[in-house]
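The next block holds one structure in the form of structure tokens; read it before the comments.
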Amino acid sequence: MLKKPIPVILDGDPGHDDAIGWVVANASEDFNILAITAVNGNCSTAKAAYNSLRIAALIGYDGPVAKGQDNPLYVESLKAPTNVHGESGLDGPALPEPKHPLDNLSAVELMSKLISESNEKVVIIATGPLTNVAALLLTHPEVKENIAHISIMGGGIQFGNWTPAAEFNILIDPEAADIVFKSGIHIFMAGLDVTEKALVCQPDVQRIKEIGNPVSEIVWKWLDFFYQFHHKLGYPGAPLHDLCAVMVLIHPEVFTLKDMYVEVETASDYSKGTTVGDYYGITGKKPNCTCLMDVNREQFIDYMIKYIEKYSEV
Ligand code: RIB
Ligand code: CA
């Protein structure tokens with residue numbers, strides 16, 4: 001009996017690693033992508049929406065793409081990290097122009113419509129700040145019962161990357177993250193604990209370069225660009241943060257998982273945006289997250305390449 005594809009909504013701030021996660025999600029027969037929604041983070045929401053349309057054209061995704069909230073729910077937006085993803089948010093290789101316009105609905109209204117209409121529980125894969133997801137839960141709380149999981153790239157149990165304590169996606173909109181973590185919806189949390197080990201190194205890039213299809217030609221150039229920032233920091237490869245939030249849904253076996261109660265710090269001078277994980281169960285609170293704590297890097301890369309190769313078949 002073939003498994004029914006999981007209905008998913010891809011919400012992100014592309015962003016090189018968001019883009020590669022979407023390349024894989026679109027190639028997997030295990031997903032039915034209901035929508036792509038853009039959020040402010042690596043770049044403005046307008047740029048993320050434009051990048052989303054270009055990625056959609058590249059991968060042959062013809063479904064709806066919607067623009068999300070321009071700013072975090074309550075805080076001023078931090079400056080976009082142009083030193084990581086470039087001025088456009090997706091610098092590097094030239095991309096096709098959009099084939100379709102943005103959807104007339106906002107990201108929140110499109111998410112609400114699609115989730116309400118779905119006959120199967122939907123999974124939201126959020127690879128940027130959680131602004132859109134939190135706004136959805138605040139304005140349409142009734143959709144919660146038709147959301148199976150929220151799989152996020154965000155946070156870190158042991159450390160941060162934008163402050164010593166906080167990871168970028170959570171720090172951009174801590175209040176939004178707090179709403180999502182308290183929503184009662186199960187979360188797969190791909191935090192820095194795992195994503196900093198999901199490294200794509202030069203031999204892996206060479207394997208992608210040798211695939212030779214229109215998508216792989218862009219992916220290896222994205223990786224080259226994305227690695228520039230990390231190389232300067234001494235990384236041996238580019239951390240594919242966002243792909244972890246996609247991969248865990250289709251190949252959980254490549255990860256080490258640990259259920260944990262996690263809450264978000266929203267009011268602190270030094271640790272605002274921290275995901276505080278109850279690793280030892282000290283609070284006695286029921287876990288709200290399945291945290292990804294480690295990855296078999298070789299298997300992770302092999303699966304990524306397998307999905308990129310699928311674009312040779314189209
Ligand atoms: O901290 C890593 C996260 O921030 C990734 O999602 C990356 O795309 C950026 O959004
Ligand atoms: Ca991202």
Side-chain angles (χ1 to χ4, degrees), residues 8-25 36-45 47-52 54-55 68-69 72 77-92 107 124-133 150-174 176-177 180 187-200 219 222-223 225-230 233 235 237-248 264 272-275 291-292 295 304:
V8 295
I9 292 173
L10 306 177
D11 182 82
D13 59 340
H16 295 75
D17 50 337
D18 305 74
I20 294 170
W22 293 0
V23 161
V24 169
I36 289 177
T37 52
V39 69
N40 165 60
N42 286 322
C43 54
S44 68
T45 314
K47 287 182 179 177
Y50 176 57
N51 293 341
S52 300
R54 295 194 294 167
I55 296 162
Q69 314 269 117
S77 184
L78 296 178
K79 185 179 174 319
T82 53
N83 58 326
V84 183
H85 299 275
E87 199 54 49
S88 71
L90 196 55
D91 279 16
I124 298 175
I125 303 177
T127 56
L130 291 167
T131 310
N132 290 339
V133 180
I150 301 171
S151 187
I152 75 165
M153 190 282 139
I157 302 304
Q158 300 164 78
F159 49 82
N161 64 355
W162 222 249
T163 72
E167 179 276 330
F168 177 81
N169 285 341
I170 306 296
L171 183 65
I172 288 282
D173 199 341
V180 172
I187 295 166
F188 284 101
M189 180 180 139
L192 296 171
D193 317 277
V194 70
T195 69
E196 295 269 321
K197 300 171 192 167
L199 297 172
V200 184
V219 169
W222 276 337
L223 287 165
F225 181 90
F226 190 45
Y227 182 48
Q228 288 170 21
F229 168 77
H230 297 92
L233 297 179
Y235 281 69
L240 271 189
H241 302 287
D242 295 335
L243 179 55
C244 294
V246 171
M247 192 76 80
V248 69
V264 179
K272 185 177 176 76
T274 303
T275 46
C291 296
L292 285 62
V295 61
M304 173 181 68

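Ligands are counted one by one from 1 in listed order, and the atoms in each one are counted from 1 as well. Not measured: the values here are computed from a predicted model.
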* How does T195 reach ligand 1, if at all, at less than 4.0 Å between non-hydrogen atoms: by side chain, backbone, both, or neither? -> neither

* May I ask you to check whether H241 has an N/O atom sitting below 3.5 Å from an N/O atom of ligand 1? => no

* Structure fact -> For the Ca ion (ligand 2), protein N, O or S atoms at a distance below 3.0 Å amount to 5

* Would you call the rings of W162 and F168 parallel, tilted or perpendicular, where under 30° means parallel and over 60° means perpendicular? -> perpendicular

* Result of checking I9, D18, L10 against I125 for side-chain contact (heavy atoms from CB on, under 4.5 Å) -> L10

* Between H241 and H230, how do the two ring planes meet: parallel, tilted or perpendicular, split at 30° and 60°? -> tilted

* Asked: Using heavy atoms and a threshold below 4.0 Å, how should the contact between V84 and ligand 1 be classified: side chain, backbone, both, or neither?
  -> neither

* **Nearest neighbour in protein (non-hydrogen) for atom 6 (O) of ligand 1** => D242 OD1, 2.6 Å

* Is a side-chain N or O of N42 found less than 3.5 angstrom from the main chain of D13, in a donor-acceptor match? -> yes

* Those atoms of ligand 1 less than 4.0 Å from some heavy atom in D17 -> 5 (C), 6 (O), 7 (C), 8 (O)

* **Among H16, E167, H85, closest by any non-hydrogen atom to atom 2 (C) of ligand 1** => E167

* To do: Report, in ascending order of atom number, the atoms of ligand 1 lying under 4.0 Å from any heavy atom of F168.
  => 1 (O), 4 (O), 9 (C), 10 (O)

* Subset of ligand 1 atoms that lie under 4.0 Å from at least one heavy atom of M153 -> 2 (C), 3 (C), 5 (C), 6 (O)

